Amino acid sequence: MRVLKFGGTSVGSIESIKNVRSIVAAIGGEKILVLSAMSGVTNQLVSITEAMGEKNYEAIDTVISSLKEKHETTIAGLIEDKLLIYEAQKEVASILTELAAYSRENFSEEVYAKIVTCGERMLTYIFSKYLEDCKISNQWLDARDFMYVANLENPDTSLVGRNFENTISEVPTDIYITQGFLRRNGQNQISTLKRGGSDYTATILGAAVNAEEVQIWTDIDGFHNNDPRYVENTHPIAHLSFEEAAELAYFGAKILHPQTVSPVINKGIPVFLKNTFTPNLQGTKISAEASGKGLKAISAKDDITAIKIKSNRMLMAHGFLKKIFEVFDKHETAIDMITTSEIAISLTIDDNRNLDKIIAEIDAYGEITVEKEHSIICLVGESVIEDKKASRIFELLPETPVRMISYGGSNNNISLLVDTKNKIDVLQQLNRKIFGNESVARFV
Ligand code: ADP
Ligand code: ASP
Ligand code: MG
């Protein structure tokens, strides 16, 4: 069994959906297709949840009409058989009626999730009917029947596997089609795997069914050595280890949801990143094999808050750090970076939900300074700290204010904290100073 995930752009138009069909048809054996919503659709659905706050039903109904038109045009462009067109239209209409009803309910986390996951439900159904129209047998599966993910950080993939087995029908088929992003939480409510979560659906399912591989099909030819949205002349990397990919995804590389790699590491299931629009290009393989030493890639994670605790008296006193960490632990807030001096400790968090409570509690330990809107820039590669090129990060210091540096915490990661307004400049400078015109391929 293989799991193939196609992202929003890959299913974003009639032409690209036809492309997906050819890719799927060329891959033999049993496969589960995990599909995102058509590109832009989840953002439109999020805009509905925002308009609910203002009770702006006119805006909501305009979005629903545009979703109706978009999906009906897609159905008309893909499917020829009249009965299949009718079935697809009926399902889309029924999901949009549900959507309109949710948009009139009182806002709650479950209502939010029910709304924002409508895009995956519509598109997977259309795609299933399209394959049927092309005489490709397949089974459409409702992820709400088996994606029980109570713990977002540590999903019970064997439970998902058992549920999946119980859900698939006796009728033999090679192709199962299901929605990314959607899950049921520990209270059995409809929920999501957070934005970009279809990648995570794919690896959770990969581990659940002990797939031989997971393929993530997107709009770029693999994992690049720097963020191509901000930096020119980036290159795809042929091979990353699980640990390298996990660090890069966690530290902001948008190509992968932050948790994508974790479900497959223990089972050693490789993940391939491929471009739907240039399927013959090699892409990136993420696996347990060693991938060569040295710097591989740089990523950046935004919305970081730095907290400094300055205390003349007790900082390095025995037990002081423990007390500080206990406060963060109590408020379930993970710390990403830490630096210390004799009289101060600085640390960063990416989740501000409990910031006020944390500050109120650590206030007793010293003078607190909070700085928001920072970004962690992360240099990743096996033994990156031994790579002479990576040490050129220090050349940045005279020109760019770097708030914190974490070097040596692990052999595979060097992190810098900068003000987000300097992020693009730092990414570009690092690309010039570190990668220059040379390809990272020499490390691979
Ligand atoms: P999908 O809709 O298929 O899930 P995403 O938009 O979530 O696709 O992810 C692909 C995009 O990630 C690329 O188009 C690219 O702009 C962006 N990206 C950011 N960092 C990287 C990187 N290091 N390598 C490749 N793509 C990256
Ligand atoms: N459609 C969802 C989103 O846009 C999930 C995904 O595409 O991965 O966040
Ligand atoms: Mg994505």
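Atoms within each ligand, like the ligands themselves, are counted from 1 in listed order. Computed from a predicted structure; not experimentally measured.
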- For atom 9 (O) of ligand 1, find the nearest protein heavy atom and state the residue, atom name and distance (0.1 Å precision). Ile255 CA, 3.6 Å
- Query: So Phe164 and Phe146, would you call those rings parallel, tilted or perpendicular, with 30° and 60° as cut-offs?
  - Reply: perpendicular
- Message: Can you confirm whether Glu247 sits close enough to Tyr250 that some side-chain heavy atom of one is under 4.5 Å from a side-chain heavy atom of the other?
- Response: no
- For the residue pair Tyr112 and Phe107, does the interplanar ring angle fall in the parallel (under 30°), tilted (30 to 60°) or perpendicular (over 60°) class? perpendicular
- Query: Is it the side chain (CB and beyond), the backbone, both or neither of His257 that lies under 4.0 Å from ligand 2, heavy atoms counted?
  - Reply: neither
- Query: Which residue and non-hydrogen atom of the protein lie closest to atom 11 (C) of ligand 1, and at what distance in Å?
  - Reply: Asp219 OD1, 3.9 Å
- Task: Would you check if His374 and Met404 make a side-chain contact, meaning some heavy-atom pair closer than 4.5 Å?
- Result: no
- Atoms of ligand 1 close to Ile220 [distance to a heavy atom under 4.0 angstrom, numbered from 1]: 13 (C), 25 (C), 26 (N)
- Message: Looking at non-hydrogen atoms alone, which of Lys5, His224, Arg195, Lys254 comes nearest to atom 22 (C) of ligand 1?
- Response: His224
- Task: Return yes or no for this condition: an N or O of Arg195 is under 3.5 Å from an N or O of ligand 2.
- Result: yes
- Item | Pairwise distance CG(Leu347) to CD1(Ile304) - rounded to 0.5 angstrom | 12.0 Å
- Message: One thing to verify: whether Lys129 and Glu132 come together as a salt bridge, which I'm taking to mean a side-chain N less than 4.0 angstrom from a carboxylate O.
- Response: yes
- Message: Between ligand 2 and Gly196, is the shortest N or O to N or O distance under 3.5 Å?
- Response: yes
- Query: CD1/Ile64 to CG/Leu99 distance, rounded to the nearest 0.5 angstrom?
  - Reply: 4.0 Å
- Note on the structure: Judged by heavy atoms only, the candidate from Ser10, Ala300, Pro228 nearest atom 15 (C) of ligand 1 is Pro228
- Nearest 0.5 Å please: distance from the OG1 atom of Thr49 over to the CD atom of Gln44. 12.5 Å
- Any N or O on Arg229 sitting closer than 3.5 Å to an N or O of ligand 1? no
- Task: Within a distance under 4.0 Å of any heavy atom of Gly7, pick out the atoms of ligand 1 and give their elements.
- Result: 1 (P), 2 (O), 3 (O)
- Query: Does ligand 1 have an atom that lies less than 4.0 angstrom from a heavy atom of Asn226?
  - Reply: yes
- Note: ligand 2 atoms sitting under 4.0 Å from heavy atoms of Ser198 are 5 (C), 6 (C), 7 (O), 8 (O)
- Task: Compute the minimum heavy-atom distance from Gly222 to ligand 1 and say whether it is under 4.0 Å.
- Result: yes
- Is the shortest heavy-atom distance from the side chain of Lys296 to the side chain of Val380 under 4.5 Å? no
- Task: Go through ligand 1 atom by atom and flag the ones less than 4.0 Å from a non-hydrogen atom of Phe223.
- Result: 23 (N), 24 (N)
- For atom 2 (C) of ligand 2, find the nearest protein heavy atom and state the residue, atom name and distance (0.1 Å precision). Glu120 OE2, 3.4 Å
- Run the salt-bridge test on Lys5 and Asp199 with the 4.0 Å N-O cut-off and return the result as yes or no. yes
- Task: Work out whether the distance between some heavy atom of Gly197 and some atom of ligand 2 is less than 4.0 Å.
- Result: yes
- Note on the structure: atom 19 (C) of ligand 1: closest protein heavy atom, distance to 0.1 Å, is Asp227 OD1, 3.4 Å
- Message: When you compare the side chain of Glu109 with that of Ser191, does any pair of heavy atoms fall below 4.5 Å?
- Response: no
- Item | Nearest heavy atoms of Val261 and Ala245, plus distance in Å | CG2-CB, 3.9 Å
- Enumerated ligand 2 atoms positioned under 4.0 Å from heavy atoms of Ser36: 6 (C), 7 (O), 8 (O)
- Query: So which heavy atom in the protein is nearest atom 1 (P) of ligand 1, and how far is it from that ligand atom?
  - Reply: Thr218 OG1, 3.6 Å
- Residue and atom name of the nearest protein heavy atom (relative to atom 2 (O) of ligand 1), distance in Å to one decimal: Gly8 N, 3.2 Å
